[in-house]
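Worksheet: one structure, shown below.
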Amino acid sequence: MEKDYAKGYYLLYDPNNNKGTAFSHSEREEAGLEGLLPETIESLETQILRVDRQLEHFDKPINKYMYLMNLLDNNVTLFFKTIMSKPSKYLPLVYTPTVGEACQKFGLLATRPRAIFISINQKDRIKEILNNWCHPDVHFAVVTDGERILGLGDLGIAGIGIPMGKLILYTSCAGVPPEHTLPIVLDVGTNNEEFLNDPLYPGLRQKRATGKIYDDFIEAFVVAINECYPKICIQWEDFGGVNAIRILNKYRYKISTFNDDIQGTAAIATAGFIAISKLLKKSFKEQRFLFLGAGAAASGIANMLLQKFRKEGLSEEEAVKQIWMFDINGLIVKSRTDIADHQKPFAHEIEGTDDFADAVLKIRPTAIIGVSTIGGAFNQRVIENMSLVNERPVIFPYSNPTSHSECTAEEAYKWSKGKAIFASGSPFAPVTYDGKVFKPGQGNNVFIFPAMGLAIFATAAKRVTDEMLLIAAESVADHISDEDFENGLIYPHVDDILAVSINVAEKIAEEIFNSGQAGVERPDDIRSFILSKMYTPVYR
Ligand code: NAD
């Protein structure tokens, strides 16, 4: 007898069509499922209840992660319905922080492949490899080379957990249909000695390729994926700082592409500053920023702030005066001879200092942004000086993971005597100071990139522009009310993510149509158009 893979036993092992105990009587009869399932028909809600109860049996987040990935392998609809039922509970299990450990243990966990792996040895066969993917119409690829995975460093191909996790977020937080997404890891080797000596590491056992060989591989990949999938948008993820900036600058004006670490971070930080200026009822132009750390993240945020200042009417010259940087060698000033190209616009004519707390008194910033990777760098003197020069000092320690955060939420509230407006890269629990409960903000890119993905997917955008990202930031900031601010919130609540993403995507899509970047015709009603393109986790 010939096997029918769309029916009976095989249907239960097809994650895209499996409904498990939710198959109706007539479906069971028709597909030959009778007897393969208990007789009771269950709703999706009952199935979620079971998932929830089963998860309670696992103590460690990594085991919950494994369970949920196994669920994704078995039943895509139930997986996404579960995640979307309570994002604040499930996102930390399928993405950060748990996904970091999942990447570190990738060789050990070795689950069913849910991604494309392309090694540098396969440079001339990339199209062939991409054609092996199970879905023919991919619009969105998240791509990493694993060099700088979260704050964990070089994890080689084990970094694939990040693109996989991020694409789960595109679907669960903004309804980007999973069949149009593709996680990819480019294997160029790894400099992680532990992995190179681990028999279970499944990537190339060689040091990272660099220079022309590396660049040629990236170029071959970009060409091949655009040939295979003409509507593709590439989101670069967790590349090393230098490559991240270089690759983005090389391709951003040629193809549809963006880098979430640089541009998504910039957008979410800018959203925070826009919300703060609105809620303090001060013009955005009155803000002055001092960065601790002047690398890739600082460069992305600074450039978006510049763009916002210009949009608010400042000249280029006036705008750069509002942005200052301080790196491992001190304040970035004109007289320094060691500054990189991306730092030059922010090098000012002033006497230098290598004391950050001193720089705060000198420059009198309204906000300090920590992107230095140096835990504790916003010490008591720094926060006290910020409180001396501001009624409400804005303190943004953005370095990840938590141990690298420039200060904790508790320190910021305590040393500023409850005056600080705080948001960090890593999450902090609420803090009680002087009888008042403060809820620390988290500058989580999740309010930006899924909405960008939805807008780009729906409009088949040909380019991702800075203006689209700034509009995303402005739109996120529109979601904060005075009441939220009273509670210390400067970002929306994660459980509202889907509704926020739809609103943000609508604004981005408007910009895509207005700027002539859309690959589809402008619909009469952009919102309804976007809604019609979205994935909803229901059994069909
Ligand atoms: P990077 O290596 O490009 O830059 C680090 C910068 O910090 C450099 O300019 C370096 O000179 C400076 N620095 C190092 N030690 C210093 C010291 N003692 N004093 C002052 N400056 C010092 O790194 P990056 O990609 O810009 O990332 C920086 C941090 O930002 C990381 O911890 C990363 O996790 C975090 N980040 C957070 C998010 C987020 O969403 N929250 C996004 C991207 C990056």
> Would you call Ile323 and Arg288 a side-chain contact if the rule is heavy atoms closer than 4.5 Å?
Replying inline: no

>> Please check this pair: side chain of His342 against backbone of Ala294, looking for a donor-acceptor N/O pair closer than 3.5 Å.
In response: yes

> Which heavy atom of Val394 sits nearest a heavy atom of Met386, and at what distance?
Replying inline: O-CE, 3.8 Å

>> Using side-chain heavy atoms (C-beta onward) and a distance below 4.5 Å, is Leu248 in contact with Ile262?
In response: yes

> Asp238 versus Thr144: any side-chain heavy-atom pair under 4.5 Å?
Replying inline: yes

>> Tell me if the CD atom of Glu410 is crowded by more than 12 foreign heavy atoms within 6.0 Å.
In response: no

> Tell me, do Leu182 and Leu130 make a side-chain contact under 4.5 Å, heavy atoms counted?
Replying inline: yes

> Should the ring pair Phe106 and Phe117 be called parallel, tilted or perpendicular, given that the plane angle runs from 0 to 90° and is split at 30 and 60?
Replying inline: tilted

>> Distance to the ring centre below 6.0 angstrom and angle to the axis at most 45 degrees; does that hold for Lys166 and Phe449?
In response: yes

> Going by an N to O cut-off under 4.0 Å, is there a salt bridge joining Lys507 and Glu474?
Replying inline: no

> Are any side-chain N or O atoms of Thr171 and backbone N or O atoms of Val176, one a donor and one an acceptor, separated by less than 3.5 Å?
Replying inline: yes

> Any ion pair linking Asp355 and Arg381 (charged N to carboxylate O, less than 4.0 Å)?
Replying inline: yes

> Looking just at side-chain N and O atoms, do Glu467 and Ser515 make a donor-acceptor pair shorter than 3.5 Å?
Replying inline: no

> Ion pair present between Asp341 and Lys344, side-chain N to carboxylate O less than 4.0 angstrom?
Replying inline: yes

> Between Arg252 and Thr257, is there a donor-acceptor pair closer than 3.5 Å when you use the side chain of the first and the backbone of the second?
Replying inline: no

>> Test side chain to side chain contact (heavy atoms under 4.5 Å, CB included) on Ile160 and Leu155; report intermediate values, then the result.
In response: CA-CA 9 Å; Ile160 187 59; Leu155 296 188; over 6 Å; no

>> Show, in sequence, the C-alpha distance, side-chain angles and deciding distance for Tyr491 and Phe447, and conclude whether the ring-ring contact (aromatic ring centres under 6.0 Å, His included) test is met.
In response: CA-CA 9 Å; Tyr491 292 113; Phe447 287 107; 7.0 Å; no

> Arg208 pairs by side-chain hydrogen bond (donor to acceptor under 3.5 Å, both in side chains) with which of Asp154, Asp187, Asn191?
Replying inline: Asp154

>> Given Phe396, which partner from the list Phe273, Phe289, Phe422 fulfils the ring pair (Phe, Tyr, Trp, His ring centres under 6.0 Å) test?
In response: Phe273

>> If we ignore hydrogens and angles and just use 3.5 Å, is the side chain of Gln122 paired with the main-chain N or O of Ser119 as donor and acceptor?
In response: yes

>> How close do Trp133 and Thr181 get, counting heavy atoms only, and between which atoms?
In response: NE1-O, 3.9 Å

> Are Asp137 and His139 linked by a side-chain donor-acceptor pair shorter than 3.5 Å?
Replying inline: yes

>> Are more than 12 heavy atoms, taken from residues, nucleotides or ligands other than Leu200, located less than 6.0 Å from that residue's CG atom?
In response: yes

> Salt bridge check: are Arg125 and Glu128 linked by an N-O gap of less than 4.0 Å?
Replying inline: yes

> Are Phe291 and Phe326 near enough that their ring centres are under 6.0 Å apart?
Replying inline: no

> Is a donor on one side and an acceptor on the other found under 3.5 Å between the side chain of Thr465 and the backbone of Met468?
Replying inline: yes

> Is the side chain of Ser277 donor-acceptor paired with the backbone N or O of Ile274 at a distance under 3.5 Å, no angle test?
Replying inline: yes

>> Please determine whether side chain to side chain contact (heavy atoms under 4.5 Å, CB included) holds for the pair Ile168 and Met69, giving the CA-CA distance in whole Å, both sets of side-chain angles, and the decisive distance to 0.1 Å.
In response: CA-CA 10 Å; Ile168 289 172; Met69 290 305 116; 3.8 Å; yes

>> For the backbone of Asn259 and the side chain of Glu237, can you confirm whether one donor and one acceptor N or O come within less than 3.5 Å of each other?
In response: no

> Taking C-beta and beyond as the side chain, do Cys173 and Ile497 meet within less than 4.5 Å on heavy atoms?
Replying inline: yes

> Are the side chain of His404 and the backbone N or O of Val371 linked by a donor-acceptor pair below 3.5 Å?
Replying inline: no

> Rounded to the nearest 0.5 Å, how far apart are CE of Met325 and CD1 of Ile301?
Replying inline: 8.5 Å

> Between atom NZ of Lys321 and atom CZ of Phe309, what is the distance when rounded to the nearest 0.5 Å?
Replying inline: 13.0 Å

> Do Tyr398 and Gln442 get their side chains close enough for a donor-acceptor pair, meaning under 3.5 Å?
Replying inline: no

>> Checking Phe378 against Phe356 for the ring-ring contact (aromatic ring centres under 6.0 Å, His included) test, could you report, in this order, the C-alpha distance in whole Å, the side-chain angles of both residues, the deciding distance, and whether it holds?
In response: CA-CA 9 Å; Phe378 291 168; Phe356 188 69; 5.8 Å; yes

> So, Asp354 versus Asn329: side-chain donor-acceptor pair below 3.5 Å or not?
Replying inline: no

> Less than 4.5 Å apart, any side-chain heavy atom of Leu331 and any of Leu290?
Replying inline: yes

>> Can you give me the closest heavy-atom contact between Ile395 and Ala420, atom names plus distance?
In response: CG1-CB, 4.0 Å

>> Before you tell me yes or no, could you show the steps for Tyr251 and Glu219 under side-chain hydrogen bond (donor to acceptor under 3.5 Å, both in side chains), namely the whole-Å CA-CA distance, both residues' side-chain angles and the distance that decides it to 0.1 Å?
In response: CA-CA 9 Å; Tyr251 293 109; Glu219 172 70 13; 2.6 Å; yes

> Is a donor on one side and an acceptor on the other found under 3.5 Å between the side chain of Gln307 and the backbone of Asp466?
Replying inline: yes

>> Quiz question: by atom type and distance under 3.5 Å, do the side chains of Ser426 and Asn400 form a donor-acceptor pair?
In response: yes

> Distance from Ile232 atom CD1 to Phe457 atom CZ, nearest 0.5 Å?
Replying inline: 11.5 Å

>> Evaluate Ile225 against Ile126 for side chain to side chain contact (heavy atoms under 4.5 Å, CB included), listing each step before the verdict.
In response: CA-CA 8 Å; Ile225 195 164; Ile126 299 177; over 6 Å; no

> Between Tyr535, Tyr170, Tyr229, which is the residue that forms a ring pair (Phe, Tyr, Trp, His ring centres under 6.0 Å) with Phe140?
Replying inline: Tyr170

> Within the side chain of Lys362, is there an N or O that forms a donor-acceptor pair under 3.5 Å with the backbone of Glu351?
Replying inline: yes

> Is Glu101 paired with Lys60 through a side-chain N to carboxylate O contact shorter than 4.0 Å?
Replying inline: no

>> Does anything in residues 193-207 form a side-chain hydrogen bond (donor to acceptor under 3.5 Å, both in side chains)? List the pairs, not counting sequence neighbours.
In response: Glu193-Lys207

> CD of Gln104 to CG of Asn192: how many Å apart, nearest 0.5 Å?
Replying inline: 9.5 Å

> If you round to the nearest 0.5 Å, how far is CH2 of Trp236 from CG of Asp260?
Replying inline: 14.0 Å

> So, do Ile456 and Ser256 sit near enough that their side-chain heavy atoms are less than 4.5 Å apart?
Replying inline: yes

> What distance do Leu91 atom CG and Met84 atom CE have between them, rounded to the nearest 0.5 Å?
Replying inline: 10.5 Å

> Can you find a heavy atom in the side chain of Asp145 that is under 4.5 Å from one in the side chain of Tyr214?
Replying inline: yes

> Should Asn379 and Ile383 be marked as a side chain to side chain contact (heavy atoms under 4.5 Å, CB included) after you check the CA-CA gap, both sets of side-chain angles, and the distance that decides it?
Replying inline: CA-CA 6 Å; Asn379 56 29; Ile383 307 281; over 6 Å; no

